[in-house]
Amino acid sequence: MDIMRTHYASDITPDMSGDTVTVAGWIHEMRDLGGIYFLILRDRGGFMQITMVKKKTDPELFESARRLIRESVLTVTGTVKKEDKAPRGYEIIPQTLSVLSESDSPLPMDITGKVDADIDTRLDSRFIDLRRRKTLDAFVIRHHALKAVRNFLENEGFIEIHTPKVVAAATEGGTALFPITYFNREAFLNQSPQLYKQIMMSAGFDRVYEIGAIFRAEEHDTLRHLNEATSIDIEASFMDHLDVMEILERLVHKVYARVAVDCAPQLEELGIELSVPKLPFKRVSYDDALEIALSQGHTIEWGEDFGTAAERAIGNAIGEHYFLTDWPTEIKPYYTHPYEDKPVYSKSFDLMHPRMELASGSQRIHSHKILHEMIEAHGLNPNGFDFYLKAFQYGMPPHAGWGLGAERLVMTMLHIENIRDAVLFPRDRKRLSP
Ligand code: AMO
């Protein structure tokens, strides 16, 4: 059995007519017209038509092809022939065809896109769901988006780091933790690389980034929350909140611009016309946003977070990406730096898409004394933060950073309704498998 492939569907062009190629993939469709038999073979790059005319094909090959089962894996060696009516303008006339793996039948779900499946059916058989072009497209775009993020940050002088996901303490205070057993001790899955990326500022790394898993045990069952999400985090020394906001908006702009170019075929298949957000993004203070929400009939007290409905109302009023800035210090995490001249407000921001929050960040407190006080003021025990606080005792530069949700970035860019469609194997309240 020869499993060497010479070409992907996307490598072959009509002007290769006459060439011999070996291709491989899954049987997407079979069309039996009696005297002529078409196999549509699918690989990552697209579809190929394998054409067999009964009179011109070895009878044994013809009959074995007719017995094939959809979604089986095949390799085909044959001759390329220009054919305007076939996908990509060519067909392959096979000389040999071998089945590498036969599929069971019926399939757990339709993959041709003719029959819609609900999200649970799709996620239960995610490997099959991912064979559908539109599902695959979103993940190819996610790959290009994250590649653009990496390239951008590398060009800005950021060093990639990997911080522990098994930790001893809460990071974000309030939000819920997943406890785990670590030998004989209690440990947790990390909610955010926050404390470690800050420690790296004391280590002198100056600019760091991490793209990694964050775990939140919140009981949310919404279209924009996961219990395991991917966070794009940065931290940078000798910068304030304004500096890192500027990095963030340029990064989002760059991701859209790159995806528009690199993913043109996928965007077309998905029917998406990507409009690259214009720079600079609007800055809207918490107080101004509160006014918008109040004027639209929402009741929120100063110092409260905006609920989903008010957030939507503000988003609709603004209509594009924007920063929500200058939050009340009391509702931001303990590490957030207050303004020196008006300490009830903080040097903090959220990056918003009209549909939802994408990122949050701030300048951080870099004084050991004040940080210690703030941890206590938030009702937390500073003893649990020893390893973190220590890094502030021996020369910690002023610094700032943010965390951007990768799934939310992708879902808002591609108009994906449910965040579960922006992650391969989502973890939510009910789902721990596959
Ligand atoms: P925050 O908790 O706001 O900030 O998280 C940052 C971003 O991560 C994404 N995100 C989520 N996405 C899906 N499901 C979730 N459950 C979820 N939780 C968070 C969001 C959010 O905006 N340490 C700070 C960041 C910083 O200041 O550097 C933090 O974690 O897109």
Side-chain angles (χ1 to χ4, degrees), residues 142 145 149 153 158 161 163 165 167 169-178 189-201 207-237 239-241 243-245 247-248 251-252 255 305-306 308 311 315 321-325 327 329 331-337 346-353 355-365 388 399-413 416 418-423 426-429 431:
R142 181 182 156 126
V149 166
L153 291 173
F158 283 82
I161 58 167
T163 63
K165 303 302 157 219
V167 296
T171 307
E172 300 299 312
T175 54
L177 286 157
F178 282 114
L189 294 178
N190 206 4
Q191 298 165 299
S192 150
Q194 182 67 37
L195 306 190
Y196 292 94
K197 61 181 186 168
Q198 286 193 260
I199 291 173
M200 295 310 288
M201 298 301 98
R207 296 178 181 203
V208 298
Y209 79 95
E210 176 165 12
I211 302 175
I214 57 168
F215 301 91
R216 308 274 169 115
E218 291 148 299
E219 307 241 339
H220 289 126
D221 185 9
T222 77
L223 298 177
R224 60 198 162 88
H225 286 93
L226 293 164
N227 293 110
E228 178 177 354
T230 313
S231 180
I232 302 160
D233 270 271
I234 75 153
E235 202 66 26
S237 290
M239 286 199 192
D240 65 12
H241 57 306
D243 298 323
V244 293
M245 279 162 69
I247 292 176
L248 180 52
L251 175 135
V252 171
V255 169
D305 211 338
F306 301 107
T308 312
E311 204 175 275
H321 286 87
Y322 63 102
F323 283 109
L324 253 177
T325 66
W327 288 75
T329 306
I331 49 167
K332 281 290 169 185
Y334 56 86
Y335 49 77
T336 312
H337 202 303
S346 61
K347 298 183 176 183
S348 61
F349 58 88
D350 283 359
L351 172 64
M352 306 296 297
H353 179 276
R355 282 175 62 196
M356 70 188 79
E357 176 196 313
L358 298 182
S360 53
S362 58
Q363 184 180 333
R364 325 299 192 181
I365 295 170
Y388 167 64
H399 59 279
W402 43 253
L404 165 66
E407 286 81 17
R408 290 188 182 183
L409 176 66
V410 170
M411 76 186 283
T412 48
M413 183 161 59
I416 291 173
N418 189 335
I419 194 165
R420 291 160 185 80
D421 273 323
V423 61
R427 291 290 172 263
D428 62 27
R429 275 281 284 145
R431 188 170 286 280

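Start at 1 and go down the list; that is how both ligands and their atoms are numbered.
At distances below 3.5 Å, at least one donor-acceptor pair connects side-chain atoms of Lys165 with backbone N or O atoms of Thr163. Not one N or O on the side chain of Asn227 forms a donor-acceptor pair closer than 3.5 Å with the backbone of Ala217. The main-chain N or O of Ser192 is found under 3.5 Å from a side-chain atom of Asn190 such that the two form a donor-acceptor pair. Side-chain N or O atoms of Glu407 include one that pairs as donor or acceptor with a backbone N or O of Thr230 at under 3.5 Å. Although no hydrogens or angles enter the test, the distance criterion places no donor-acceptor pair under 3.5 Å between the side chain of Arg427 and the main chain of Leu226.
By the criterion of a heavy-atom distance under 4.0 Å, the side chain of Lys197, and not its backbone, is placed next to ligand 1. Of the heavy atoms in Arg364, only side-chain atoms (C-beta onward) come closer than 4.0 Å to ligand 1. At a heavy-atom cutoff of 4.0 Å, ligand 1 is contacted by no atom of Phe349, backbone or side chain. Residue Leu351 does not touch ligand 1, judged by heavy-atom distances below 4.0 Å. With a 4.0 Å heavy-atom cut-off, ligand 1 is reached by no atom of Ser231.
Thr222 and Arg429 share no side-chain donor-acceptor pair at under 3.5 Å.
Atoms of ligand 1 found under 4.0 Å from any heavy atom of Gly361 (numbered from 1 in listed order, with element): 27 (O). Atom numbering of ligand 1 starts at 1 in the shown order; those under 4.0 Å from a heavy atom of Trp402 are 26 (C), 28 (O). Near Gly403, with a cut-off below 4.0 Å to any heavy atom, the atoms of ligand 1 are 6 (C), 7 (C), 25 (C), 26 (C), 28 (O). For ligand 1, the atoms lying closer than 4.0 Å to a non-hydrogen atom of Arg224 are 13 (C), 14 (N).
The shortest N or O to N or O distance between Leu358 and ligand 1 is under 3.5 Å. For ligand 1, none of its N or O atoms has an N or O atom of Leu404 under 3.5 Å away. Between Gln194 and ligand 1, at least one N/O pair is under 3.5 Å apart. For ligand 1, the polar-atom distance check against Glu357 finds a nitrogen or oxygen pair separated by under 3.5 Å. Here's the thing with Ile214: none of its N/O atoms is less than 3.5 angstrom from an N/O atom of ligand 1. Considering backbone and side-chain N/O atoms, His225 never comes within less than 3.5 Å of an N/O atom of ligand 1.
Proximity of the aromatic rings of Phe306 and Trp327 is defined here by a centroid distance below 6.0 angstrom, and this criterion is met.
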Please evaluate residues Thr412 and Arg224 with respect to the criterion side chain to side chain donor-acceptor pair (under 3.5 Å), reporting the C-alpha separation (whole Å), side-chain torsions for both, the decisive distance (0.1 Å), and the verdict. CA-CA 10 Å; Thr412 48; Arg224 60 198 162 88; over 6 Å; no

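Ligand 1 has at least one atom lying under 4.0 Å from a heavy atom of Arg216. In this structure, Ile419 has a heavy atom closer than 4.0 Å to ligand 1. Between Met356 and ligand 1 there is no heavy-atom distance shorter than 4.0 Å. Using 4.0 Å as the threshold, Gln363 has no heavy atom nearer than that to any atom of ligand 1.
Salt-bridge check for Arg142 with Asp421: failed, with every basic side-chain N at 4.0 Å or more from each acidic carboxylate O.
In this structure, of Ser360, Ala229, Ala359, Ala217, the residue bringing a heavy atom nearest to atom 17 (C) of ligand 1 is Ala229.
Residues satisfying the side chain to side chain contact (heavy atoms under 4.5 Å, CB included) criterion with Ser231, sequence neighbours excluded, are Ile214, Asp233.
Aromatic ring pairs are classed by plane angle as parallel below 30°, tilted from 30° to 60° and perpendicular above 60°; the pair His225 and His220 is parallel.
Each of Gln198, Arg207, Arg364 was scored for a side chain to side chain donor-acceptor pair (under 3.5 Å) with Glu235, with one residue passing: Arg364.
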